[in-house]
Amino acid sequence: MDNRSDLLDEQLLNDVGNIARVTSTDGKVASYIPELSRMSAELFSLSCQPVGAKMIEIGDVGQFFTMQSLSKIISLAFAIEKFGRENVFRHAGMEASADSFNSLMRIEMTSSKPSNPFMNAGAIAVCSLICKAYKSEALDRVTDFLRLLTGEYNGFDEKVFLSEKNSADRNRALAYFMKSMGLLHGDVEEILDLYFTLCSLRCTSGTLARTAAVIASGGRSAASGEKVIEKETVCTLLGLMSTCGLYNESGEFAVRVGLPGKSGVSGGIMAVVPGRMGIGVFSPALDAKGNSVAGIRALELLSEKLDLRGIGI
Ligand code: GLU
């Protein structure tokens with residue numbers, strides 16, 4: 001495979017952005033969390049953090065949005081680092097699922113642990129482990145970890161947090177149901193508060209690129225150059241991102257983009273080019289499966305132009 005990474009510059013990102021951003025009209029900004037619907041569908045930013053080089057980014061680069069499911073990368077990495085892979089995967093599986101991100105069906109049908117830690121049920125189970133170990137310090141521990149990985153912490157969006165907390169009938173149903181099956185331990189509302197707060201963490205596409213670059217570099221922070229996560233954690237994240245990162249659109253993403261990725265319903269996607277770079281893209285309009293339309297298109301174009309398809313999956 002050619003290494004065309006030297007073609008990466010601002011001009012290339014602008015070309016990709018110009019083609020990709022118009023596709024956002026095919027999508028819809030998420031509204032099931034009412035506060036998310038206030039985001040303009042026209043926003044777009046694309047950031048690339050090459051391993052060992054300077055970030056290159058274009059578009060609405062300073063624009064904050066909330067991490068939503070992108071935070072599941074942070075909570076899962078934190079949990080593997082602190083409790084070990086085996087312990088974490090006692091509470092959530094490692095299998096892709098054809099179900100939507102907030103599906104209840106599988107757990108009820110099989111009475112077993114959630115399919116993987118990127119489904120809402122699996123991420124809530126990971127939050128319960130973190131809550132059990134760190135109690136009232138749980139949130140601070142995870143945000144310290146985010147700072148360690150990316151060199152930044154931008155607080156959380158209280159309006160989005162409250163909006164989700166007050167409209168989370170489905171996640172609440174999932175969590176209480178899991179508790180009734182013995183799959184969740186501790187106070188459900190405390191666990192959900194941690195989950196909603198992590199989903200409300202503020203970030204930019206640059207934050208996503210820096211997070212993805214930690215994984216791309218085998219565990220080093222682009223901000224400090226320090227080794228911040230173990231190879232075991234890196235490989236686990238890559239495996240799950242390749243198979244489950246975009247929920248029931250993971251297969252299509254693997255074919256079209258060909259890189260390990262993770263999305264969130266705020267419209268962000270991060271993608272990893274192992275050994276080369278981390279990529280973050282943001283465009284709030286989503287397709288029917290909850291993934292950013294223009295975000296996927298931008299990653300597809302970038303992957304094509306730099307011949308990245310198939311690296312790491
Ligand atoms: N906070 C969102 C939820 O639980 C996250 C979903 C996502 O980003 O995919 O519904």
Side-chain angles (χ1 to χ4, degrees), residues 27-39 64-76 92 96-107 114-128 130 139 142 156-178 184 188-189 191-203 205 207-208 211-212 240-241 243-250 252-253 261-271 280-293 295-296:
K28 266 203 178 123
V29 179
S31 57
Y32 77 100
I33 299 173
E35 193 64 25
L36 289 183
S37 67
R38 296 162 62 94
M39 200 53 100
F64 282 110
F65 51 96
T66 53
M67 283 193 144
Q68 299 303 327
S69 275
L70 292 147
S71 68
K72 293 170 185 169
I73 292 280
I74 309 294
S75 49
L76 177 61
S97 157
D99 308 324
S100 65
F101 63 90
N102 54 9
S103 171
L104 268 155
M105 180 183 71
R106 192 80 37 202
I107 297 181
S115 323
N116 67 68
F118 291 160
M119 302 287 286
N120 287 7
I124 292 169
V126 170
C127 282
S128 99
I130 300 174
L139 177 62
V142 182
F156 72 98
D157 186 323
E158 204 175 342
K159 284 191 180 151
V160 173
F161 165 78
L162 288 174
S163 181
E164 178 162 18
K165 186 176 162 80
N166 295 329
S167 59
D169 299 335
R170 212 177 163 87
N171 282 332
R172 203 163 264 117
L174 261 176
Y176 279 101
F177 189 68
M178 284 197 290
L184 205 68
V188 172
E189 293 301 324
I191 295 165
L192 285 173
D193 273 356
L194 178 65
Y195 174 79
F196 299 145
T197 313
L198 296 179
C199 287
S200 321
L201 286 172
R202 281 157 36 101
C203 68
S205 57
T207 320
L208 302 184
T211 307
L240 281 177
M241 289 170 89
T243 50
C244 325
L246 276 85
Y247 306 116
N248 43 347
E249 202 172 353
S250 300
E252 185 174 335
F253 186 80
K262 179 77 200 88
S263 62
V265 289
S266 49
I269 306 178
M270 70 169 88
V281 62
F282 169 60
S283 169
L286 310 179
D287 61 22
K289 293 183 174 163
N291 298 310
S292 169
V293 177
I296 295 182

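Both counts, for ligands and for their atoms, begin at 1 and track the order of listing. Hydrogens, waters and symmetry mates play no part in the numbers below; they use all other heavy atoms, side chains included. Bear in mind that the values here come from a model prediction, so they are computed numbers and not experimental data.
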N/O of N171 under 3.5 Å from N/O of ligand 1, yes or no?
->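 In this structure, N171 places an N or O atom under 3.5 Å from an N or O of ligand 1.
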Residue part near ligand 1, for [X], under 4.0 Å between non-hydrogen atoms:
X: N120; answer: side chain
X: F196; answer: neither
X: R170; answer: neither

Element-labelled atoms of ligand 1 that are located less than 4.0 Å from some non-hydrogen atom of [X]:
X: G264; value: 8 (O)
X: E164; value: 1 (N), 2 (C), 3 (C), 4 (O), 10 (O)
X: Y247; value: 7 (C), 9 (O)
X: Y195; value: 3 (C), 4 (O), 5 (C)
X: C199; value: 1 (N)
X: Q68; value: 1 (N), 2 (C), 5 (C), 8 (O)

Y32: heavy atom below 4.0 Å from ligand 1, yes or no?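 It does; at least one heavy atom falls under 4.0 Å.
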>> Any salt bridge linking E189 with R172? Criterion: basic side-chain nitrogen under 4.0 Å from a carboxylate oxygen.
In response: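 Judged by the 4.0 Å cut-off on N to carboxylate O distance, E189 and R172 do form a salt bridge.
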* Taking S128 for the side chain and A125 for the main chain, is one N or O donor matched with an acceptor at less than 3.5 Å? ->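 Side chain of S128 to backbone of A125, a donor-acceptor pair under 3.5 Å: yes, one is there.
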Notebook entry, point to check: Where the side chain of S292 meets the backbone of S283, is there a donor-acceptor pair that is under 3.5 Å apart?
Noted result: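 Present.
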- Closest protein heavy atom to atom 7 (C) of ligand 1, given as residue, atom name and distance to 0.1 Å: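 Looking at atom 7 (C) of ligand 1, the protein heavy atom closest to it is S69 OG, 2.7 Å.
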[X] and [Y]: side chain donor to acceptor below 3.5 Å:
X: Y32; Y: E164; result: no
X: N291; Y: S263; result: yes
X: S69; Y: K72; result: yes

Q.
With heavy-atom distances below 4.5 Å as the criterion, would you say the side chains of L240 and P117 are in contact?
A.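 Heavy-atom side-chain distance check passes, below 4.5 Å.
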More than 12 heavy atoms from other groups under 6.0 Å of CZ on R170
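More than 12 within 6.0 Å, yes.
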